[in-house]
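A short worksheet on the structure shown next.
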Protein chains: 2
Amino acid sequence: MAAHTHDHPTPGAWSAHATEALARRGGRRSTARDAVLGALAAQDCCASAQEIHDRLRGQGNRVGIASVYRTLELLHEHGLVTRVDTGDGVARFEPALPGGEHHHHAVCTRCGSVEAFADDALEAAIHAIGDRVDFEVTGHDVALRGRCRACRAA
Amino acid sequence: MAAHTHDHPTPGAWSAHATEALARRGGRRSTARDAVLGALAAQDCCASAQEIHDRLRGQGNRVGIASVYRTLELLHEHGLVTRVDTGDGVARFEPALPGGEHHHHAVCTRCGSVEAFADDALEAAIHAIGDRVDFEVTGHDVALRGRCRACRAA
DNA sequence: GTCTAGTTGATAATGGTTATCATTACCGGC
DNA sequence: GCCGGTAATGATAACCATTATCAACTAGAC
């Protein structure tokens with residue numbers, strides 16, 4: 001499939017996978033971490049630490065911003081979350097599925113909105129590069145820049 | 001060609017192109033701007049504003065850091081420079097050739113080093129996406145993540 | 001030479017992210 | 001069920017790249 005509306009990963013599946021991975025790592029369970037996990041599982045696409053924090057506070061959760069950052073870092077270290085940099089100076093994060101399925105992002109240079117897309121041919125091309133470069137490729141990012149539908153109309 | 005050592009664009013060619021583009025835009029000539037242009041033309045791959053500033057100061061040039069940022073912004077607005085975000089919170093810049101030829105970057109997750117690579121198949125795949133998405137694509141970025149040769153050996 | 005407005009550069013302000021540290025609370029052992 | 005140790009928390013200070021401010025400077029037109 002190419003460039004369609006991206007399917008959101010089943011929230012429960014990722015949540016369970018992430019919780020299990022953290023348990024395997026050792027360490028304690030905490031409410032702050034659970035809250036961030038829940039917020040991540042519930043989101044459609046990438047979200048910044050501040051956005052996650054605001055959302056949690058909005059629903060009455062008194063999580064500290066530091067714990068949001070710490071949890072995101074922890075998840076990122078374990079490959080449970082994908083970091084997305086759109087170039088505006090804020091890091092965004094989204095759940096990373098265990099199977100490796102993922103999408104990329106189209107960033108509007110006018111309004112800053114982010115849309116997801118996936119493309120098999122692109123993945124194939126990137127995979128082929130890995131076999132030729134003198135570099136051990138473990139991951140990749142693709143960002144398209146341009147105008148979203150709304151900004152083209154405006 | 002794919003994944004070879006990237007050829008550095010002839011420094012003089014880009015420099016002339018950029019100078020001419022800025023002249024066409026109007027405005028004054030300035031020593032600070034010329035200095036940043038010179039530094040950009042001389043660099044092999046992307047460099048941060050701070051790096052450019054340090055290099056200029058190192059060779060006795062009393063350019064203010066603000067002017068470096070201003071010049072980079074100006075060049076970026078005119079498409080004369082490409083902005084590269086490696087995810088470490090610092091923006092890097094490199095000359096953008098008028099023809100549109102460009103390369104992408106492989107970022108080492110261990111030491112942070114950046115290498116350039118180019119791949120025609122990748123470009124073709126990205127171009128094909130543009131025809132299918134409901135998004136007016138004007139540019140794109142690709143970043144590979146992994147281990148560079150040196151860090152694999154270490 | 002003079003005038004004017006684009007540029008400069010030192011510095012303050014901004015804002016996302018990270019470090020600090022006293023307090024809290026999870027969890028195994030008793 | 002209670003303790004003790006320690007991982008984790010959260011408020012806040014520190015950090016640092018970037019941006020805004022503004023008086024001084026200067027390129028270029030007349």
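So you know, we letter chains A, B, ... as the sequences are listed, proteins then strands, and number each from 1.
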Using the salt bridge (Lys or Arg N to Asp or Glu O under 4.0 Å) rule, collect all pairs that involve residues 92-118 of chain A, keeping only residues at least two apart or in two chains. A:E51-A:R92, A:D88-A:R92
Is any side-chain heavy atom of A:D85 closer than 4.5 Å to a side-chain heavy atom of A:R83? yes
Look only at the side chain of A:T138 and the backbone of B:R145, and say whether a donor-acceptor pair between them is shorter than 3.5 Å. yes
Ordered by number, residues from residues 20-34 of chain B within less than 4.0 Å of DNA chain D (heavy atoms) are B:R28, B:R29
Quick one: does A:T19's side chain have a donor or acceptor within less than 3.5 Å of a partner on A:S15's backbone? yes
Which atoms form the tightest heavy-atom contact between A:I52 and A:A47, and what is the distance? CG1-CB, 4.1 Å
Let me have a per-nucleotide readout for nucleotides 18-24 of chain C, 5' to 3', with B, S or -, counting only protein heavy atoms under 4.0 Å. BBB----
Distance, rounded to the nearest Å, where A:H53 contributes NE2 and D:dT12 contributes C1': 13 Å
Backbone N or O of B:H76 within a donor-acceptor pair of the B:H78 side chain at under 3.5 Å? no
Atom pair CG (B:L80) and CG (B:L40), whose distance is rounded to the nearest 0.5 Å: 10.0 Å
Given atom CZ of B:R57 and atom C1' of C:dT8, what is their separation to the nearest angstrom? 12 Å
In this structure, how many angstroms lie between the P atom of C:dG15 and the CD atom of A:E51, rounded? 16 Å
In the single-linkage hydrophobic clustering (I, L, V, M, F, W, Y; side-chain heavy atoms under 4.5 Å), do B:V142 and B:F135 co-cluster? yes
Whole-Å distance between D:dT18 P and B:H76 NE2? 13 Å
Distance in angstrom units between B:L72 CG and C:dG9 C1', rounded: 16 Å
Over all heavy atoms of both residues, which pair between A:A96 and A:G79 is shortest? Give the atoms and the distance, please. CB-O, 3.6 Å
Measure the distance from CG on A:L37 to C1' on D:dT9 and round it to the nearest whole Å. 16 Å
Atom-to-atom span, CG of A:N61 to C1' of D:dT9 - whole angstrom: 12 Å
Starting at CD of B:Q50 and ending at P of C:dG9, how long is that distance when rounded to a whole Å? 15 Å
